[in-house]
Every structure is written in structure tokens, then in C-alpha cells.
Number of protein chains: 2
Amino acid sequence: MKFLSEKNPDSLRTFEIINEGLSKKSVIVIMACCSVTYEGRARSKLGSGDRMIIIKSDGSFMVHQDRNLEPVNWQPPKSQCKASLKDGVMYLEGSRRNPPERLEVEIKSTYMASYFNGEDSKGLELTGYEENMREMVFDNPKIIEEGFRPINREYSTPNGFIDILGKDIEGNLVVLELKSRRAGINAVKQLKKYMDCFSDHKEFVRGILVAPSVTDDASELLEEYKLEYISMVPPREFGTDKNLTLDFFGGSK
Amino acid sequence: MKFLSEKNPDSLRTFEIINEGLSKKSVIVIMACCSVTYEGRARSKLGSGDRMIIIKSDGSFMVHQDRNLEPVNWQPPKSQCKASLKDGVMYLEGSRRNPPERLEVEIKSTYMASYFNGEDSKGLELTGYEENMREMVFDNPKIIEEGFRPINREYSTPNGFIDILGKDIEGNLVVLELKSRRAGINAVKQLKKYMDCFSDHKEFVRGILVAPSVTDDASELLEEYKLEYISMVPPREFGTDKNLTLDFFGGSK
DNA sequence: CACTAGATCTCGTGT
DNA sequence: ACACGAGGTCTAGTG
């Protein structure tokens, strides 16, 4: 990995390092005393203090304080970053057109300025949420109940997409609402909204909330709406490489 | 600001630097080739690559790739961080009990290891819909009360910026604190802080909290501090608030 | 481009 | 501690 890191550079040197980093499409990390203003989707001011400034090669721009996961100010990927020097003071600016917004950092003094050109081709493999639950239900419908048959996933209604639409052993329509986490009243309200789409349906339609657990409020609301609940924890298995599997077997199953 | 930064430390030295940083409650920044596993609310694997690892003094723990604002893996504030050395290989672990989860980073090689103890007391002042309220008050001051005259917006005091400073019909100074949402005790405390800036002022100064509603606690505190309250709903621009638009067209039916 | 919905959402705030 | 709502949400995926 190629990188450069300097301690206590003056304004001019900070300016040079940042410009080198920008031109090399590096990840730039600066520890500095700075103040920040933002104007765009909202407006904010942040007085002077010691912070970490990060500029990534995709244009992501963050200012981090010493607390919280989230940056106190930021600019999303693809924003335009540029450094400038006015009367010996360093300014860093991140901006974009749509929506129009601008982040400006005034750097009072720099403790460390550095940039890095690393190698990272790896993507994250994640499991344990709604998508995996959907797959599990389709692969093994009887975990919902004996005789359950899924028909559509992402079934479109005027009130949004139903996670899974199916039929039970008696042929009744069943609306499944999946949640990978403890479900609150909003999940029940959402399910109810889908149910309303079938209000003029001749036959009986069942609505089932599928989640690891529900809040007390949600439980009461389920009863009030005459909806059902099934406890299910999202599966945590990593799939074997899907692309490979599909290519290899060609979908012959 | 006190800090330490070293280039290309070996495993042992990286281990020492991280432990120093942890014991000093510093912000730790490491550039390293590493792999990551996570298990908890979900489960994930990330193969080897060059990344930035950040540990903040509140226990926030992040692994950043060279793209996107968000970390590829993380652990929230208050999680327990510890470093360990097994067979000459560095491991960094962040974990917490509730919910139970664990993030482990295996560090293959370190390009830079550093920690920082900065000073930062400043909080962010955000002004979004409040800006619209300010405009509304300036455009039409009598919605505050008959004879109200706004003088300054963003009036600077040692305790922060006063939203609107004005005078009433009798010439008394009036401090307005605007909140776009239901105001809690913090809003009242903030207003009180501004009022304190005028404690040696000869004449009477009024403080008014302007918000759509207040919590009961806030209402009590207002009384205790002899502050006033005016109910005002922030104007929302057409197109920015979809619900309003939908209500407008769909609600009349 | 816009639009949708999920997220290890995070973060504040109220109960 | 838990539940709920908002966010400059972000991010991936689809039309």
C-alpha cells in the first residue's frame, strides 16, 4: 500500500498533501482543529474543535467527532471535493448539484495529514435479515404451517409491496409480512394496510406477521385487527456462492 | 492535542499502540490490511483488504472501506473494545451484551497506527424547518403577538446563537427559541441559557419558546423559569412533505 | 434519472 | 431499559 503521513504540517503543507491525495484518488485522513458549516438539505454550524476529516476516493466526505458512529457533518459519495488556501487559512469544500449542497471546513491547525492508496476488492457477505427469511419460507413453506403455499413475493398493491402472498391448505389467501427484527405497531399497521387492499375480496383473507418477536403494543393491535403472528428468527447461514451455483448448474435444479 | 502516529509498526507495536490509545480514551485510527467477521444482529464475513479502522472514546468501532459514507462493519457506542495477540497475529474485538454481538478484526499488517486526544466541546447547531419558522416570524411578526418587532436572527451569545431576538410593543427585549417539533425540557434549558446572558441587563427580558407543542416536563420547567410559550406549527414547503400533499389532494375526497 | 423499502440503520427523546 | 419517530438518513435494487 502506498501512503504518506505527516505530523503537524503547516497550512501550505496540508494544502499540498490534500491535493496530492485528491489527484491520486486516495483515502485522505486529517486530524485537525476546525470549524464546519453546511448548507443544503438543511443548515448547520459547528464551532472550533479537534476532529477527524475523511475523504474517500468515491467523493465521500466526513467530519467525525470523538463520539458516535455517525459523522457530525458529511457529504455523500460522488460529491466534488476541493481544497483552497485564503490568506494562509486552509479550507476544504465538498459540494454537489443535486440536491444542491455545500460543506465547508475551515482548518485552524493540522495535527496529522495523510493519504492512502490501498487494495480492497472484497465485498461483504451478509446474512440474517428479511431477504433470507423470504428465501427460507419459499424453500420450506411448511415452517409457516402445514399446507402453506407461497404464490408471489413482492406482490404489488396500491398500498405497497406484500412480502409474500400465499394460500393456506384450505385455499384462503394469506398475506405474510416479514420482519427480521422485533416488530412494533408500525409493522402491524403496514400489514393492516395490505389487508385493506382485499376488503372487497369475496373469500376470507388471513394476515400473518412473521418476526422474531413483537412489542406489547403490536401484540394488542394484532388482536384488535384479527391478525396472526408467527415467531421466526432470520436464518444465519451463508449461502454457498450463488453465482457459481447458478452458472454451474445452469438452473437445472 | 496529544497524539501519536507510527508508520508500518509490527504486530507487537500495533498491539502496544492500540492498548495505549484505549487506556488514554483516545480516538484510534489504524490503516491496515485486515479481514473482518461479525456476529450479532446479523452475521457477516469480509475477506482481506486494506481498510481504515477507527475506535472512538465512546466505544464506537468502525471498519471503513475506500467507498461509501457508512462503515462496512461496525459496533455502536459503549461497546467493549479489546486488542489481543495470538501467535504473533493482532486481533481487535468489539462486543456488547445487549443485544449480544461481536465484531472481530484480524490485522494482517499495519501501515499506520495512531491515537489522538483532542478537545471538542462544541455541539452541532442544526437548522432545518426552524429556518422556515424564522422566515415566517420575520415576514409576519404579529403571529408572535401584536407589536412584536424582530431585530436579529442568529444573535450570537457566549452560550450559542439565539434564534430570534426582538422587542415587544413596550420595548422589552424578547428572546425567541424556535423548535420545529414538540419541545422537551432541553429546549427550555437552552432558552434559559440564553436568558442567563442577559442576567445583568437593566430592563426586563422575556423568553418565549415557540414550538408546535411541549411536553409536560417542559411546561413545568417553563413555569419555574418564568418563561412563556407560543404554539406554532412550522410551515412546510410544498413538495418537501409528501404526506401534506397527499392529504391535500386525497383527504378532501 | 426517479422511486421504493430495508437497515447490524443511528440517534434523540419520552415513558 | 424499551418503544417510537425522524433523519441533510444511507444504500441497493428496480423501472
Side-chain angles (χ1 to χ4, degrees), chain A residues 36-44 58 60-63 67-79 94 96-103 123-124 126-134 154 156 159-163 177-187 189-190 213-219 234 236, chain B residues 36-44 46 58 60-63 67-79 94-103 123-124 126-129 131 179-187 213-218 240-243:
Chain A
V36 188
T37 59
Y38 163 78
E39 179 135 13
R41 285 171 285 175
R43 235 157 63 90
S44 76
D58 67 349
S60 307
F61 186 165
M62 299 174 237
V63 179
R67 52 189 179 273
N68 289 350
L69 278 173
E70 307 219 320
V72 63
N73 276 113
W74 72 93
Q75 208 60 281
K78 291 172 197 164
S79 52
R96 61 173 179 162
R97 293 288 183 77
N98 197 332
E101 52 184 357
R102 208 178 82 99
L103 180 64
L124 187 70
L126 244 178
T127 183
Y129 43 38
E130 231 180 85
E131 176 59 24
N132 305 93
M133 291 175 79
R134 261 196 292 269
E154 307 270 318
S156 182
N159 292 341
F161 291 86
I162 290 173
D163 287 329
E177 172 62 26
L178 307 182
K179 288 289 164 202
S180 64
R181 325 199 42 70
R182 186 173 177 80
I185 49 173
N186 281 352
K189 284 178 184 169
Q190 201 177 336
S213 62
V214 291
T215 64
D216 292 345
D217 295 356
S219 185
R236 302 288 187 106
Chain B
V36 188
T37 59
Y38 161 77
E39 178 129 16
R41 286 170 287 176
R43 219 157 79 89
S44 76
L46 180 64
D58 66 350
S60 307
F61 186 165
M62 298 174 240
V63 179
R67 52 188 180 274
N68 287 351
L69 277 174
E70 307 221 320
V72 63
N73 277 114
W74 71 93
Q75 210 53 259
K78 292 173 195 161
S79 51
S95 62
R96 60 173 180 163
R97 293 287 182 76
N98 197 330
E101 50 183 1
R102 208 178 84 97
L103 180 63
L124 186 71
L126 236 181
T127 52
Y129 297 124
E131 176 60 23
K179 287 291 164 203
S180 64
R181 286 189 262 141
R182 183 174 179 83
I185 49 172
N186 283 351
S213 62
V214 291
T215 64
D216 292 344
D217 297 356
T240 61
D241 189 323
K242 283 191 183 158
N243 295 324

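Reminder, nothing fancy here: chain letters follow the sequence lines and each chain counts from 1. All of these numbers come straight from a predicted model, not from anything done at the bench.
Contact detail for B:L126 and A:A42: the closest heavy-atom pair is CD2-CB, 3.7 Å. Between B:L69 and A:W74, the shortest heavy-atom distance links the atoms CD1-CD1, 3.3 Å.
If you find the closest nucleotide of DNA chain C to B:S60 and to A:D163, the one lying nearer the 5' end belongs to A:D163. Mapping A:G128 and A:R67 onto DNA chain C by nearest heavy atom places A:G128 at the nucleotide closer to the 5' end. Sequence order on DNA chain D of the closest nucleotides to A:K189 and B:L124 puts A:K189 first from the 5' end. Where A:N73 and B:E70 meet DNA chain D, the nucleotide closest to each residue was compared, and A:N73 sits on the side nearer the 5' end.
Neither side chain, A:T215 nor A:D217, offers a donor N or O lying under 3.5 Å from an acceptor on the other. Inspection of the B:R43 and A:T127 side chains reveals no N or O donor paired with an N or O acceptor under 3.5 Å.
Looking only at side-chain heavy atoms (C-beta outward), A:V63 and A:P71 stay at 4.5 Å or farther from each other. Using a 4.5 Å cut-off on side-chain heavy atoms (C-beta onward), A:M133 and A:S180 make contact.
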Trace of the side-chain contact (heavy atoms from CB on, under 4.5 Å) decision for A:V36 with A:V72: CA-CA 9 Å; A:V36 188; A:V72 63; 5.8 Å; no
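A:Q75 contributes a side-chain N or O that forms a donor-acceptor pair with the base of D:dG8 under 3.5 Å. The base of C:dG6 lies outside donor-acceptor range of the side chain of A:E130, with no N or O pair under 3.5 Å.
In this structure, CG on B:D58 lies 8.0 Å from OG on B:S79, to the nearest 0.5 angstrom. Here A:Q75 contributes atom CD and A:E101 contributes atom CD; the two are 4.0 Å apart, rounded to the nearest 0.5 Å. Put simply, CD on A:E70 and CD on B:E70 are 7.0 Å apart, with the number rounded to the nearest 0.5 Å.
Regarding contacts with the backbone of C:dC9, a side-chain N or O of B:R41 is found under 4.0 angstrom from either OP1 or OP2. The shortest distance between the side-chain N/O atoms of A:S180 and the OP1/OP2 oxygens of C:dG6 is not below 4.0 Å. At least one side-chain nitrogen or oxygen of B:W74 sits closer than 4.0 Å to the OP1 or OP2 atom of C:dT10.
B:P99 comes within 4.0 angstrom of no nucleic acid atom, judged by non-hydrogen atoms across all strands. Nucleic acid contact for A:Y129: sugar-phosphate only, since backbone atoms but no base atoms lie under 4.0 Å from a heavy atom of the residue.
If you take CZ of B:R97 and C1' of D:dA1, they are 16 Å apart, rounded to a whole angstrom. One interatomic measurement links the two molecules: CD of A:Q190 to C1' of D:dG5, which rounds to 15 Å at whole-angstrom precision. Between the P atom of C:dT8 and the CG atom of A:L69 lies a distance of 13 Å, rounded to the nearest Å. Per the geometry, CZ belonging to B:F61 stands 14 Å off C1' belonging to C:dT8, to the nearest Å. A:M133 has its CE atom 13 Å from the C1' atom of C:dG6, to the nearest Å. If you take CG of A:N98 and C1' of C:dC3, they are 14 Å apart, rounded to a whole angstrom. The CD atom of B:E101 sits 8 Å away from the P atom of C:dC9 (whole-angstrom rounding). Between the P atom of C:dT10 and the CG atom of B:D58 lies a distance of 13 Å, rounded to the nearest Å.
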Atom pairs, N/O to N/O, protein against nucleotides 12-15 of chain C, distance under 3.5 Å?
from, atom 1, to, atom 2, distance (Å)
C:dT13, OP2, B:N186, ND2, 3.3

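Taking the C1' atom of each, D:dT14 and C:dT8 are spaced 25 Å apart, rounded to whole Å. A gap of 22 Å separates the P atoms of D:dG8 and D:dC4, to the nearest Å.
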Writing each nucleotide of DNA chain D 5' to 3' as (, ), [, ], | or . by Watson-Crick or G-U pairing under 3.5 Å yields |||||||.|||||||
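Taking the side chain to side chain donor-acceptor pair (under 3.5 Å) definition, one finds that A:R181 meets it with nothing, sequence neighbours left out.
In the set C:dG6, C:dA5, D:dG8, C:dG6 carries the atom at the smallest distance from any side-chain atom of A:K179.
Ring-to-base geometry does not place A:F161 in a stacked arrangement with C:dA5 (centre distance under 5.5 Å, plane angle under 30° required).
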